[in-house]
There are 2 protein chains.
Amino acid sequence: MANEGRIDEAILEAILAGRLEPGTRLGEVRLGEIFGVSRTRVREALMKLETRGIVRVNSRRGWFVVEPSAEEARAAFQARRVVETGLILSMRGLDPAHAAHLRAHLVEEEQTIVGGDVGSRTCSLGDFHIHLAEAAGNPLLVDILRDLTARTTLVSMLYQSTEEAAASHADHTAIFAALEAGDFPEAARLMVGHIDDVEDGLDLSVRRIRPDDLRALLVTDGAPSRHRLS
Amino acid sequence: MANEGRIDEAILEAILAGRLEPGTRLGEVRLGEIFGVSRTRVREALMKLETRGIVRVNSRRGWFVVEPSAEEARAAFQARRVVETGLILSMRGLDPAHAAHLRAHLVEEEQTIVGGDVGSRTCSLGDFHIHLAEAAGNPLLVDILRDLTARTTLVSMLYQSTEEAAASHADHTAIFAALEAGDFPEAARLMVGHIDDVEDGLDLSVRRIRPDDLRALLVTDGAPSRHRLS
DNA sequence: TCGACCTAGCTTGCATACAAGTCCTGTCCT
DNA sequence: AGGACAGGACTTGTATGCAAGCTAGGTCGA
């Protein structure tokens, strides 16, 4: 059974969906109970997430969802600008299949914005960039951007964000249009503007709340072993 | 004591220095004996390296240094082109301290090429790109490029490479000159050409040898607990 | 002679037990 | 009353033990 990366993915998904906020403590035993496994596998999952910069361990004190500092936040956005700009400028065309995939994502994105909760919205908005990386056809860059968008998503949760989901969706649509038209320099320019807008929407001097409990945030329904990995 | 990432770093250093070739099996118990720890910590180290794409596990068969396929090799070089181009183009200036650091590295690089073995040479050549990322001042991009250059170093080991260390050093020197002159577009162009040259020097249709033993490759001197982490 | 099978020895996968450090709380002394 | 201190309940860190699966080599049968 696709049991391999279940725990990593479940935790990451919970974080990205906003169910686990930055600073939340992630107890090994607690997570083990939730997933019905021993601490060993939980530790493995947490350590993988640690090398990806999603969680951090405070020796003998606990595991926590990372709380990026203002400087780290800026670095994350800059990294995304660098990678996504380079990515778009390296593209020579847009494969029809990938174009269709992106277009399908855009309609899903719109539906989520209208009807979904804030978590699904943020998640969907971030997925656009990952799908775009997939369209460029480089799995390594997909992974890199996956972790980078995870980081900026975390930042948006931690700091006061005035980002309008609708505005982001409009940006995405415009970027896609430029890509489909084959105007990659324009798409890159739009992308930089888009990321700038999201970053400017943050107030890096004001930090948000920091609650501290796990609750049943990781499992949405009753059974502890049922998870949707998006 | 800086005991934290000792094992990860030691293994990675051994791989990057060419002492552990792609395809080498990394037995948990064997590594545990070498480092004087139990399998637990070895597993943690290997799993961290796995998420960084350096080693891979074949269920119940063993851990191995990754052997990138021809396609993966191309992807790694493309990713480096994307990231390093974006990185250089995002730079607005070269901090004097970082400039001095890079210059110092270049002379060390030259010395290594004249007097060092092939492992030190490859290592030193790769470090230039990491130091360059450090000069850009973004820790995230440093980490990304560290793993990316590790991958391409692995590729160069696996496939027949006609790369001349001297030529690479000359490229690096030219790139540094352009950076110092503030001509970042030119530096980016030179960088693309440089990575292209390295990639073109590979014969992706011919794979190299694949020995299969650990020997005392991980420890250079007698005592199992003495390691230099570069 | 060749092929199927079976077993022994290896590997990792996972759980559990114990060690060691941190934090909080209650108590005792001043 | 206030502060130092001690103890216990928690946490992660590390080792070890057992289970499960892969591989290779030998044996038996056709």
Side-chain angles (χ1 to χ4, degrees), chain A residues 1-11 15 20 22-67 210-215 217-218 224-225 227, chain B residues 1-11 15 20 22-67 210-215 217-218 224-225 227:
Chain A
M1 332 267 177
N3 201 346
E4 189 55 28
R6 212 184 80 224
I7 301 175
D8 323 29
E9 292 305 324
I11 296 174
I15 293 174
L20 293 175
T24 305
R25 204 177 78 79
L26 304 165
E28 293 180 1
V29 289
R30 185 76 191 278
L31 288 171
E33 289 167 5
I34 290 173
F35 291 106
V37 299
S38 79
R39 281 178 50 216
T40 305
R41 293 188 59 191
V42 173
R43 269 181 79 79
E44 288 174 356
L46 288 172
M47 288 192 150
K48 285 184 180 181
L49 291 177
E50 186 187 24
T51 80
R52 296 173 63 184
I54 309 294
V55 306
R56 112 195 117 83
V57 61
N58 214 330
S59 183
R60 246 144 246 231
R61 216 170 311 181
W63 294 85
F64 300 88
V65 179
V66 292
E67 300 177 275
R210 183 210 284 197
D212 194 2
D213 62 327
L214 273 184
R215 288 187 302 244
L217 294 175
L218 282 164
S225 50
H227 304 284
Chain B
M1 332 271 175
N3 202 348
E4 189 54 30
R6 213 184 79 222
I7 301 176
D8 323 30
E9 291 306 324
I11 296 174
I15 294 173
L20 293 175
T24 305
R25 203 177 78 79
L26 303 166
E28 293 180 1
V29 288
R30 184 77 191 278
L31 288 171
E33 289 167 4
I34 290 173
F35 290 107
V37 299
S38 78
R39 283 177 50 217
T40 305
R41 294 189 58 191
V42 173
R43 271 180 79 79
E44 287 174 356
L46 289 172
M47 288 189 153
K48 285 185 180 180
L49 291 176
E50 186 188 24
T51 80
R52 297 173 62 183
I54 309 294
V55 305
R56 111 196 118 82
V57 61
N58 214 329
S59 185
R60 246 140 244 220
R61 213 171 315 180
W63 293 86
F64 300 89
V65 180
V66 292
E67 300 177 275
R210 182 208 286 197
D212 194 2
D213 62 327
L214 271 184
R215 288 187 301 245
L217 294 176
L218 281 165
S225 50
H227 303 285

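In what follows, chains carry the letters A, B, and so on, assigned in the order in which the sequence lines appear, proteins first and then strands, with residues in each chain numbered from 1.
With rounding to whole Å, B:Leu26 atom CG is found 9 Å from C:dT12 atom P. Remark: C1' of D:dG13 and CZ of B:Arg43 are 16 Å apart, rounded to the nearest angstrom. Atoms CZ (A:Phe64) and C1' (C:dT22) sit 11 Å apart, rounded to a whole Å. B:Arg41 has its CZ atom 18 Å from the P atom of C:dA19, to the nearest Å. Rounded to an integer number of Å, the gap from CD of A:Glu44 to C1' of D:dG13 is 14 Å. Atom P of nucleotide D:dT11 and atom CG of A:Leu31 are separated by 11 Å, given to the nearest angstrom. Rounding to whole angstrom units, CG of residue A:Leu46 and P of D:dT11 are separated by 14 Å. If you measure from atom CD of B:Glu28 to atom P of C:dC10, you get 16 Å, rounded to the nearest angstrom.
For A:Arg61, no side-chain nitrogen or oxygen approaches OP1 or OP2 of D:dT12 to under 4.0 Å. Remark: B:Arg30 is not in phosphate contact with C:dT12, judged by side-chain N or O atoms under 4.0 Å from OP1 or OP2.
The nucleotide whose nearest atom lies closest to any side-chain atom of B:Val37 is, among C:dT12, D:dT14, D:dA15, D:dA15.
Residues satisfying the salt bridge (Lys or Arg N to Asp or Glu O under 4.0 Å) test with A:Glu28, not counting sequence neighbours, are A:Arg39, A:Arg43. Residues meeting the side-chain contact (heavy atoms from CB on, under 4.5 Å) test with A:Arg61, sequence neighbours left out: A:Asn58. With sequence neighbours excluded, the residues that form a side-chain contact (heavy atoms from CB on, under 4.5 Å) with A:Thr40 are A:Ser38, A:Glu44.
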Between the protein and nucleotides 16-19 of chain D, list every N/O to N/O distance that falls short of 3.5 Å.
| unit_1 | atom_1 | unit_2 | atom_2 | d |
| --- | --- | --- | --- | --- |
| D:dT16 | O4 | B:Thr40 | OG1 | 3.4 |

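In this structure, the side chains of A:Glu50 and B:Lys48 come closer than 4.5 Å at one or more pairs of heavy atoms. Side-chain contact between A:Leu46 and A:Ile11: present, with at least one pair of heavy atoms (C-beta onward) separated by less than 4.5 Å. Between A:Asp8 and B:Thr51 the shortest side-chain heavy-atom distance does not fall below 4.5 Å.
A donor-acceptor pair is defined here as one N or O able to donate and one able to accept, closer than 3.5 Å; such a pair exists between the side chain of A:Arg6 and the backbone of A:Phe35.
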